[in-house]
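Let me begin by presenting the structure, written as structure tokens, before commenting on it.
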Amino acid sequence: MSQRILNILTIAILILSAFAAGAGLFWPSAGTPFEFTTVMGEQVEITGSGLYRCDPVAGSSQAQAVDAVTLFLAVPALAAALALSNRGSLRGRLWLLGMLGFFLYNYTVAAFGVWFNPLFLVYVALFGLSLFAAALAASQIDAAVLPARCSEGFPRRGIIALCLGLAAFLTAAWLGRILPALAAGEPPYGLDNYTTLPVQVLDLGLIVPLAAATAALLWKRTPLGYLLSSALIVKGAAMGVALVAMIVNEARNGVKISYPEAGVFTAMAAAMVFLCGKALAAIGKPADAQ
């Protein structure tokens, strides 16, 4: 029964996310970018056209990059993971959980961060569907068997190092923007015409402590450490590809970017993809399932 519910939730995510991503990329454009003065006195270039017409050029560039990765990579990957999960594959179940984490993260940002547009309720639906689907997918994995089901090729030390590096980098990067702005009473870089920083909320409030906890639990070789690390590395690989796409699209649209920061994100994205492949390859075959 739980697998059937998970199937329904995931298929709904596939349909709605394909529609939302397609709309973000191909919504009829009308209008041109224009300058706007925010309530905090900043001059911001607003997109002025398409689905993200009320978002700044930087925000719409990021959103459309995520839409492209979602439509052409994440949706097929989620469908493949669901198919493997339905065959009883432990690897498929971990892959599914990680991909659902990717959708949950992105549509949390969309629901809380993108300027109100005709797809607002679709973002809300995807946020809720992803949250409950991820919880259900996690409940179907017997974490106790994971240490025994991972071969010696599982990149435990690499994932630990990457989790610690990710936690440290996100903390330094985001606090480096936020604390000086708070001290000076000025808007932080990236606020533009938004009212808050949803990405930084998620990263500092969720991803940083989750990455640190995952590193500690995996160091101790606990079952929960293997579960969290497997899901986090899959989510991280998909998010890493999206981050690289964001950087490229921002540069293409003339958005000012921090090249050192972009370089670190790109390096971490490559490491995530590499470790994701090694981790999934090291999970026992479905025939060995509990």
>> Quick check with a 6.0 Å cut-off and a 45 degree axis cone: is R53 positioned over the face of W115's six-membered ring?
In response: no
> What class does the angle between the rings of F116 and F120 fall in, given that below 30° is parallel, 30 to 60° is tilted and above 60° is perpendicular?
Replying inline: tilted
> Is the shortest heavy-atom distance from the side chain of F36 to the side chain of E42 under 4.5 Å?
Replying inline: no
> Quick one: do L16 and Y52 end up in the same hydrophobic cluster if we chain Ile, Leu, Val, Met, Phe, Trp and Tyr together by side-chain heavy atoms under 4.5 Å apart?
Replying inline: yes
>> Quick check against the 3.5 Å criterion: does N253 have a side-chain atom that pairs as donor or acceptor with the backbone of V255?
In response: no
> Same cluster for F103 and V109 if Ile/Leu/Val/Met/Phe/Trp/Tyr side chains link at under 4.5 Å?
Replying inline: yes
> Sub-3.5 Å donor-acceptor pair from the side chain of Q64 to the main-chain atoms of G24, do we have one?
Replying inline: yes
>> Rounded at 0.5 Å granularity, tell me how far OG1 in T10 sits from CD1 in I5.
In response: 11.5 Å
> Relative to the ring of F265, is the ring of W174 parallel (under 30°), tilted (30 to 60°) or perpendicular (over 60°)?
Replying inline: tilted
> Is there a donor-acceptor contact under 3.5 Å linking the side chains of Q140 and S2?
Replying inline: yes
>> Just by distance, no angles: are the side chains of N7 and R4 close enough, under 3.5 Å, to form a donor-acceptor pair?
In response: no
>> With a 3.5 Å distance limit and no angle check, can you tell me whether S85 reaches the backbone of L82 through a side-chain donor-acceptor pair?
In response: no
> Okay, side chain of N193, backbone of C54: is any donor-acceptor separation there less than 3.5 Å?
Replying inline: yes
> Between S229 and Y226, is there a donor-acceptor pair closer than 3.5 Å when you use the side chain of the first and the backbone of the second?
Replying inline: yes
> Between atom CG of L78 and atom OG of S17, what is the distance when rounded to the nearest 0.5 Å?
Replying inline: 7.0 Å
>> Are I46 and V57 packed together at the side-chain level, in the sense that at least one heavy-atom pair is separated by less than 4.5 angstrom?
In response: no
> Hey, are the side chains of I178 and L204 touching, using non-hydrogen atoms and a 4.5 Å cut-off?
Replying inline: yes
> Which distance, rounded to the nearest 0.5 Å, do you find between the CG of L166 and the CE of M239?
Replying inline: 11.5 Å
>> Show, in sequence, the C-alpha distance, side-chain angles and deciding distance for L191 and T38, and conclude whether the side chain to side chain contact (heavy atoms under 4.5 Å, CB included) test is met.
In response: CA-CA 10 Å; L191 183 64; T38 72; over 6 Å; no
> Near F34 CZ, under 6.0 Å, is it more than 12 heavy atoms from other residues, nucleotides or ligands?
Replying inline: yes
>> Whether K235 engages the ring of Y105 as a cation-pi pair (distance to the six-membered ring centre under 6.0 angstrom, angle to the ring normal within 45°) should be assessed.
In response: yes
> Do V145 and F154 share a hydrophobic cluster, counting only Ile, Leu, Val, Met, Phe, Trp and Tyr and linking them when any side-chain heavy atoms are less than 4.5 Å apart?
Replying inline: yes
> Hey, does the side chain of N117 reach the backbone of L119 with a donor-acceptor pair shorter than 3.5 angstrom?
Replying inline: yes
> Say you draw a straight line from CD1 of I11 to CD1 of I8; how long is it, rounded to the nearest 0.5 Å?
Replying inline: 7.5 Å
>> Just so I know, are the side chains of L100 and I13 near enough to count as touching, which here means a heavy-atom distance under 4.5 Å?
In response: yes
> Is the side chain of T222 donor-acceptor paired with the backbone N or O of L217 at a distance under 3.5 Å, no angle test?
Replying inline: yes
>> Take a 6.0 Å sphere around CZ of F274 and say whether it holds more than 12 heavy atoms from other residues, nucleotides or ligands.
In response: no
> So do T70 and V75 actually touch side chain to side chain, heavy atoms under 4.5 Å?
Replying inline: yes
> Do you see a donor-acceptor pair shorter than 3.5 Å between the side chains of Q62 and N249?
Replying inline: no
> Is the backbone N or O of L218 less than 3.5 Å from a side-chain atom of R156, with the two atoms forming a donor-acceptor pair by type?
Replying inline: yes
> Is P118 close to L51 at the side-chain level, that is, under 4.5 Å between some pair of heavy atoms?
Replying inline: yes
> R91 side chain to L280 main-chain N or O, any donor-acceptor pair under 3.5 Å?
Replying inline: yes
> Got a second to check how far I233's CD1 is from C163's SG, nearest 0.5 Å?
Replying inline: 6.5 Å
> Is it true that M272 and I159 fall in one hydrophobic cluster, defined by side-chain heavy atoms closer than 4.5 Å?
Replying inline: yes
> L84 versus L96: any side-chain heavy-atom pair under 4.5 Å?
Replying inline: no
>> Return the CD1 to CD1 distance between I257 and I247, rounded to the nearest 0.5 Å.
In response: 6.5 Å
> Checking side chain to side chain contact (heavy atoms under 4.5 Å, CB included) for the pair R93/R87: CA distance, chi angles, key distance, verdict?
Replying inline: CA-CA 10 Å; R93 289 175 180 172; R87 295 176 189 171; over 6 Å; no
> So with a 6.0 Å cut-off around CZ of F132, is the heavy-atom count from everything else above 12?
Replying inline: no
> After noting the C-alpha distance and the side-chain angles of F72 and L25, does the key distance pass the side chain to side chain contact (heavy atoms under 4.5 Å, CB included) rule?
Replying inline: CA-CA 11 Å; F72 300 115; L25 292 171; 4.1 Å; yes
>> Let me check something: do F112 and V122 share a hydrophobic cluster, defined by ILVMFWY side-chain heavy atoms less than 4.5 Å apart, either directly or through other members?
In response: no
>> Assess, by modelled atom type and distance only, whether the side chains of T47 and D55 contain a donor and an acceptor separated by less than 3.5 Å.
In response: no
>> Walk me through whether R177 and Q200 qualify under side chain to side chain contact (heavy atoms under 4.5 Å, CB included).
In response: CA-CA 10 Å; R177 292 186 184 184; Q200 283 72 20; 4.0 Å; yes
>> Can you see whether N106 engages Y123 through a side-chain donor-acceptor pair at a distance of less than 3.5 angstrom?
In response: no
>> Between V66 and M246, is there a side-chain heavy-atom distance shorter than 4.5 Å?
In response: yes
